[in-house]
Amino acid sequence: MYRAQYGPSTPVRIQLLNRRMSLLKSADHITALFKSSRDLSSEHWLVQVLVNAFGVEVADAPFYLADDTGISNQPDSRSKMANPEHRIFHLVYKSVHSGLGGTSLAEMERQLVRNLSTQIYETDFKSDTWTEIPDLYGSFIRKISFRASIVSLCGSHVFKVIPTFGDDFWVFDSLMPNLFKEIPRWLVPAAYMARDKMKDNLQKWQAFAHEHYDVCQGQLDRREWEEFFGSRLMRTRHGFFQKMPLSKETVAADDLGLIWAYVTLSSFSLFIFSTKPADP
């Protein structure tokens, strides 16, 4: 209908249930969109994902949405926010950019490889016999790669505080599509229960880590990795989270989003590494 009224190349915004969507069909418009990507913002979409998929508390969503400063070092000139400690999108971007690069990334990689090596060494394989593993990926590769990834990001105490962390995570991961689709809780209660369990797990770990490590002094710590919060990335995040009026449930949900993304990325990297042909 809109094609006949406006033509095939005219951008159109439509209302789809409780969402507004813009339709672009012209190659020129799409090219212009990508060329102007630095001036575009994805914050509202990110908040939607954090709330629906990872369980950021609805009451805390306005705090995220109030940040109109952008991710650059200098706040957007049109911004109305005055408190630099509440620039959550900039602080998250800056922490990820620095925490996953240079010496910080090198130390995380070292921790990951060391933990993988330790787990493989401690596995009860006998050199002179075959060892049968019914599910090579699920019960071995995925298990040890997940543990190695989490230790490199969050420190060595996570699995001591939450012994079921790995199993709980993969249940949550398998049910995430229902959360992304914004299906109500009463229709997919298992997905919400799995997410709630992961948030409870992370709150327990965070409480333990805060009890043993003062993140307010984290900037003075020159180590790239320590046992309680793990990576400098995670330590930095909790340093600025403490200065924000966010609930513990929301901080756990935000960490859940980071962990899910990191595990996905590191698992893919390990797969590429394991399938890379040996140099001649």
Side-chain angles (χ1 to χ4, degrees), residues 17 19 42 45-58 60-61 92 96 100 108 111-112 115-116 119-120 123 132-206 208 230-231 233-234 237 247-275:
L17 297 178
R19 294 282 183 266
S42 61
W45 175 80
L46 287 172
V47 174
Q48 181 182 336
V49 171
L50 285 170
V51 171
N52 295 324
F54 299 109
V56 161
E57 298 293 302
V58 174
D60 286 326
V92 167
V96 171
L100 295 181
M108 291 177 71
Q111 292 292 335
L112 188 148
N115 195 269
L116 275 175
Q119 290 184 82
I120 293 173
T123 302
E132 293 187 8
I133 301 178
D135 181 5
L136 179 62
Y137 174 72
S139 63
F140 181 65
I141 296 176
R142 188 176 73 173
K143 182 178 179 180
I144 67 170
S145 64
F146 176 78
R147 188 182 186 95
S149 299
I150 293 300
V151 169
S152 72
L153 179 66
C154 303
S156 55
H157 292 282
V158 178
F159 294 95
K160 299 175 185 176
V161 178
I162 315 145
T164 62
F165 192 82
D167 293 336
D168 294 340
F169 176 86
W170 292 115
V171 171
F172 163 75
D173 178 74
S174 68
L175 296 170
M176 267 196 70
N178 290 329
L179 299 173
F180 274 121
K181 295 173 185 176
E182 301 184 43
I183 301 177
R185 182 184 286 264
W186 63 275
L187 286 176
V188 286
Y192 287 86
M193 289 175 62
R195 188 183 71 186
D196 293 343
K197 180 70 179 295
M198 282 301 301
K199 287 173 61 179
D200 289 342
N201 287 342
L202 287 170
Q203 286 183 74
K204 290 176 184 176
W205 164 68
Q206 289 165 358
F208 175 87
S231 63
L233 166 58
M234 190 62 75
R237 281 169 58 85
S247 65
K248 294 179 180 179
E249 292 80 6
T250 284
V251 174
D254 206 303
D255 271 359
L256 178 57
L258 173 66
I259 288 171
W260 182 80
Y262 179 75
V263 168
T264 302
L265 177 62
S266 58
S267 297
F268 177 75
S269 299
L270 284 170
F271 173 77
I272 295 297
F273 176 79
S274 65
T275 56

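Position 1 is the first residue of the sequence; numbering continues from there.
- In this structure, OG on Ser149 lies 10.0 Å from CD1 on Ile144, to the nearest 0.5 angstrom.
- The nearest pair of heavy atoms linking Ala53 to Met176 is CB-CE, 4.2 Å.
- A heavy-atom distance below 4.5 Å is found between the side chains of Lys197 and Thr164.
- Taking CG of Leu50 as the reference point, atom CG of Leu256 lies at 10.0 Å (rounded to 0.5 Å).
- Ring planes of Phe54 and Phe180: perpendicular class, angle over 60° (limits at 30 and 60°).
- Side-chain contact between Asp168 and Phe172 is absent, with no heavy atoms from C-beta onward closer than 4.5 Å.
- Using bins of under 30°, 30° to 60° and over 60° for the plane-to-plane angle, the ring pair Phe159/Phe165 lands in the perpendicular bin.
- Across every non-hydrogen atom of Val51 and Arg195, the tightest pair is O-NH1, 3.5 Å.
- Residues satisfying the salt bridge (Lys or Arg N to Asp or Glu O under 4.0 Å) criterion with Glu249, sequence neighbours excluded, are absent altogether.
- Once rounded to the nearest 0.5 Å, the distance linking CD1 of Ile162 with CZ of Phe169 reads 13.0 Å.
- Ion pair Arg142/Asp173 not flagged as a salt bridge, since none of the NZ, NE, NH1 or NH2 atoms sits closer than 4.0 Å to an Asp/Glu carboxylate oxygen.
- The aromatic ring centres of Trp170 and Phe146 sit less than 6.0 Å apart.
- The side-chain heavy atoms of Leu175 and Met193, taken from C-beta on, include no pair separated by under 4.5 Å.
- Closest approach of Val56 and Asp254 over heavy atoms only: CG2-N, 4.4 Å.
- Contact between Cys154 and Val158 at its shortest, heavy atoms only, is CB-CG2, 3.5 Å.
- Of all non-hydrogen atoms in Gly55 and Ala253, the two that sit nearest each other are C-CB, 3.4 Å.
- Between the side chain of Ser247 and the backbone N or O of Thr250, at least one donor-acceptor pair lies under 3.5 Å.
- One finds the OG atom of Ser231 at 7.5 Å from the CG atom of Leu100 (value rounded to the nearest 0.5 Å).
- Using a 4.5 Å heavy-atom threshold, the side chains of Lys181 and Leu187 count as separate.
- Taken to the nearest 0.5 Å, the CD atom of Gln119 stands 6.0 Å off from the CZ atom of Arg147.
- Proximity of Met234 to Tyr262: side-chain heavy atoms (C-beta onward) are nowhere separated by under 4.5 Å.
- For the salt bridge (charged side-chain N to carboxylate O under 4.0 Å, His left out) test with Asp255, the passing option among Arg237, Lys248, Lys199 is Arg237; the others fail.
- Closest heavy-atom contact between Ala194 and Val171: CB-CG1, 4.0 Å.
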